Amino acid sequence: MSRSAHPAGPRHADVLPEGHYAAPPADLNVLDPKVWARTVARGEDGVVTVAGLPVTRLAEEFGTPAYILDEADFRARARAWRTAFGDDADVFYAGKAFLSRAVVRWLAEEGLNLDVCSGGELATALSAGMPADRIAFHGNNKSAAEIERAVRAGVGRIVLDSFQEIVRVAHIAQSLGKRQRVQIRVTVGVEAHTHEFIATAHEDQKFGIPLAGGQAAEAVRRALRLDGIELIGIHSHIGSQIFDMSGFEVAAHRVVGLLKDIRDEHGVELPEIDLGGGLGIAYTSDDDPREPQEIAKALTEIVTRECRAARLQTPRISVEPGRAIVGPTAFTLYEVGTVKPLDGLRTYVSVDGGMSDNIRTALYDAEYSVALVSRASEAEPMLVRVVGKHCESGDIVVKDAFLPADLAPGDLIAVPATGAYCRSMASNYNHALRPPVVAVEGGEARVIVRRETEEDLLRLDVG
Ligand code: LLP
């Protein structure tokens, strides 16, 4: 396999084309711990290891592309959230970020609860033994079958998202002779500072019931009248990949305002408040995420202060981090297939995956980092765009980054912070086979979600 240098592409900051990138890092061999899973390190031979395992060995054993997930890091982050919020609050891991049966077991063992938002996620949670009363069921259009399954299973709460759903859940629960614990999801009218597609608290969108115009108050009125449901709290989720706590502050203020109105109108103090997920992680060295301890302190203080001002008992708080737990714990391992320097522009590095295993760059203009991991290199930095093997030019994994100029076919490169919303949003576009998730821990590696095969694809094709 060739390790030789290829014709030079653009390299120096003074000849870089317009783009959205910082200056090349001082040393491309250094891995910023902010964006890499905790046990990732570069060995003395230059090969990057995770949980003590060289990526070259992982690639040989499991193939590429592959998501490599650091189990100890996942458990440590889950535990950090759990500990930060303590016994007076609940942490629900948002399964949409990434869910598998192993993940469910780790969460159950670490004392977390689970937020699911589809029948498929619910089935995964139940099949891996998550106690139903630790599951919250979300979604803006749950089917009657999904609701029935959740109620029968005894999920801890269903988060109601519309007027129709209030009646639907109450009716289904009553017909099963049950009283389902529910929360009502409200939109608080906050413009979260994040990409439009992942902001969820402004009013002009599909989720929740607006506080504005008294709609949420009316939803509460109706919910309190129905026998099949027990209203236990109000839910707000303002968006995703958020760094600024001010959105949560406004949300808490408005949700507590509703709790106060409910107390004044109905003489009822709802016991729970859920502030959703959405805390950001570092995708590049420029991002500065907050620690769970700091987030827990800030959120608890906000809610306590608002409740004191409204003369309410402080409700039990819950949060739903997804990305902040699993995001940083995994990286995607790719093999370089072609390296194509375009004079005066940049060098295109094609890998053996692409938008089918990471749609986030194409969908949200997301930024990622990348590193050469199968060896160290002292070559100078070259500006690259890491692209996939799909049939469209928007198939970009990393838009602008630097890799060593001697990068060659056969090298392994890795994109960190791909634990959240990559495997869970992966597709079979161009009949790509979705990559496996390999969990590594204490020098051992095991597949927790296997690679798709052509047989898997053909099994669905029954025409
Ligand atoms: N709770 C609710 C009700 C949610 O809708 C979400 C995310 C979360 C919690 C978890 O948010 P997190 O802590 O993971 O940010 N596909 C997009 C993100 C969509 C998030 C949808 N809801 C992305 O790749 O950035």
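Here the structure is a predicted model, which is why all the values come from computation and not from measurement. When a ligand or atom number is given, it counts from 1 through the structure's own listing order.
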Show the atoms of ligand 1 that are less than 4.0 angstrom away from any heavy atom in [X].
X: Met425; result: 16 (N), 24 (O)
X: Glu320; result: 1 (N), 2 (C), 3 (C), 8 (C), 9 (C), 10 (C), 13 (O)
X: Gly322; result: 12 (P), 13 (O), 14 (O)
X: Ser240; result: 11 (O), 12 (P), 15 (O), 18 (C), 20 (C)
X: Arg185; result: 3 (C)
X: Pro321; result: 13 (O)

What part of [X] sits under 4.0 Å from ligand 1 if we count only heavy atoms: the side chain, the backbone, both or neither?
X: Ala94; value: side chain
X: Tyr364; value: side chain
X: Arg360; value: side chain
X: Asp115; value: side chain

So which of Gly278, Ala366, Ser236 gets nearest to atom 12 (P) of ligand 1, if we judge by its closest heavy atom?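 When every heavy atom of Gly278, Ala366, Ser236 is considered, Gly278 comes closest to atom 12 (P) of ligand 1.
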Please tell me if the side chains of [X] and [Y] come closer than 4.5 Å, counting only heavy atoms from C-beta onward.
X: Tyr93; Y: Pro321; value: no
X: Leu270; Y: Ile234; value: yes
X: Phe137; Y: Cys117; value: no

Say whether Arg323, considering both its backbone and side-chain N or O atoms, lies within less than 3.5 Å of an N or O atom on ligand 1.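 By distance alone, the answer is yes.
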Test of ring centre spacing under 6.0 Å for Tyr421 and Tyr364: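 No, the ring centres sit 6.0 Å or more apart.
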Is it the case that the ring center of His138 lies less than 6.0 angstrom away from the ring center of His235?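 Yes, the ring of His235 comes within the 6.0 Å limit of the ring of His138, centre to centre.
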Determine whether more than 12 heavy atoms belonging to other residues, nucleotides or ligands lie under 6.0 Å from atom CZ of Arg221.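 Yes, because the 6.0 Å sphere around CZ of Arg221 holds more than 12 heavy atoms from other groups.
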Measure from the side-chain N and O atoms of Asp352 to the backbone N and O of Glu335, and report whether any donor-acceptor pair falls under 3.5 Å.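 Checking the backbone N and O of Glu335 against the side chain of Asp352, a donor-acceptor pair under 3.5 Å is found.
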Stacked cation flag Arg185 on Phe207, 6.0 angstrom / 45 deg: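 Relative to the ring axis of Phe207, which defines the angle, Arg185 lies inside both limits.
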